[in-house]
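Accompanying notes for the structure given below.
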Amino acid sequence: MEFFYHPDQERHAPPSFLLRGRQVASPEGPVRARMLLEGLASLGIAVTSPATTDSPRLRERLARVHTRRYLDFLETIHARWSALPEAAEVVSPNVHPCGGGHHYPRHPVGQVGWHMHDMACPLTADTFRGVMANAASAEAAAEAVLAGAASAYALCRPPGHHAGPDRAGGFCFLNNSALAAEVLRERYARVAILDVDLHHGNGTQDIFYARGDVWTGSVHADPADFYPFFWGGADETGEGEGRGANLNRAAAAGQ
């Protein structure tokens, strides 16, 4: 098995996030990757870094799973946010289009609320470079499989499965598994994503919900009592060409 990780992922290092109304230290930091890298090193496993973290091909592939306006937002929002009077150093929303918005805002504050689903995805000056390195690692692992590897492992942080076509959420900005699936789709007619995590992979589900070429399945805690709350039910099976290509299996939290 080949292993991929790019050290620029450490550039995304938010100091805190909002939890139950309180600012607390963010659990999603570079230390998570360092611990896994130490574990791999202890086993004598070498990790390969992608040659580049930003290429026209990577951007084109990302545009298949995310909207271009969202990708533009991630790249430019920190500079535009920082130009606002009395803006904090970290980009974080204070308004959301709950119930569905009717038009896309021009103002940076409105765009932050549109594209950031919750308060668990603070964005810093280095976030975009960090998440692009993250995506490049997933891309490299998928390309290794296309080149003949029986399997490949991409060490990706921040995580990705809460990132939807047009939004960030749950510490996630770019959807790594969705990107890898798109790379594999360049050769294979159908690809499957199995998401085994405490939280439902709502972003991955939304990206492929109306597509039949990528089957998505998620095993997670019951969203009636657990994040992301609004997605992850057994009745969510896909729509249109994707009907029957999405499967959710939820268990009571704590089991």
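Quick caveat, the model's predicted, so the values are computed rather than measured. Hydrogens, waters and symmetry mates play no part in the numbers below; they use all other heavy atoms, side chains included.
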Point to revise | Residue list, side chain to side chain contact (heavy atoms under 4.5 Å, CB included) with Ala152, at least two apart or on another chain | key: Phe4, Ala141, Ala144, Val145

**Study point:** Donor-acceptor side-chain pairing of Asn246 and Thr216 below 3.5 angstrom
**Key:** yes

**Study point:** Contacts of His117 that satisfy side-chain hydrogen bond (donor to acceptor under 3.5 Å, both in side chains) - sequence neighbours left out
**Key:** none

Exercise for review: For the pair Arg61 and Glu139, find out whether any cationic side-chain nitrogen is under 4.0 Å from an anionic carboxylate oxygen.
Suggested key: yes

Check your understanding: His161: what forms a ring pair (Phe, Tyr, Trp, His ring centres under 6.0 Å) with it, not counting sequence neighbours?
Key -> none

Exercise for review: Search all heavy atoms of Ser137 against all heavy atoms of Ala154 and return the closest pair with its distance.
Suggested key: O-CB, 3.7 Å

Study note, to complete from the structure: The complete set of ring-ring contact (aromatic ring centres under 6.0 Å, His included) pairs with one or both residues in residues 10-52, sequence neighbours excluded, reads His12-Phe173, Phe17-Phe171

Exercise for review: Run the salt-bridge test on Glu38 and Arg34 with the 4.0 Å N-O cut-off and return the result as yes or no.
Suggested key: no

Review point. Is the shortest side-chain N to carboxylate O distance from Arg57 to Glu186 below 4.0 Å?
Key: yes

Review point. Does Asp8 pair with Arg11 as a salt bridge, N-O distance under 4.0 Å?
Key: yes

If you look only at distance, which donor and acceptor atoms sit under 3.5 Å apart when one is on a side chain in residues 226-235 and the other is two or more places apart or in another chain?
{"from": "Tyr227", "atom 1": "OH", "to": "Asp118", "atom 2": "OD2", "distance (Å)": "2.4"}
{"from": "Tyr227", "atom 1": "OH", "to": "Gly170", "atom 2": "N", "distance (Å)": "3.1"}

Review point. In chain order, what residues pass the side-chain hydrogen bond (donor to acceptor under 3.5 Å, both in side chains) check against Tyr188, with sequence neighbours excluded?
Key: none

Practice item. Answer yes or no: is there an ion pair linking Arg59 with Glu75, defined by an N-O contact shorter than 4.0 Å? Key: yes

Practice item. Identify whether the distance between the nearest side-chain nitrogen and carboxylate oxygen of Asp54 and Arg129 falls below 4.0 Å. Key: no

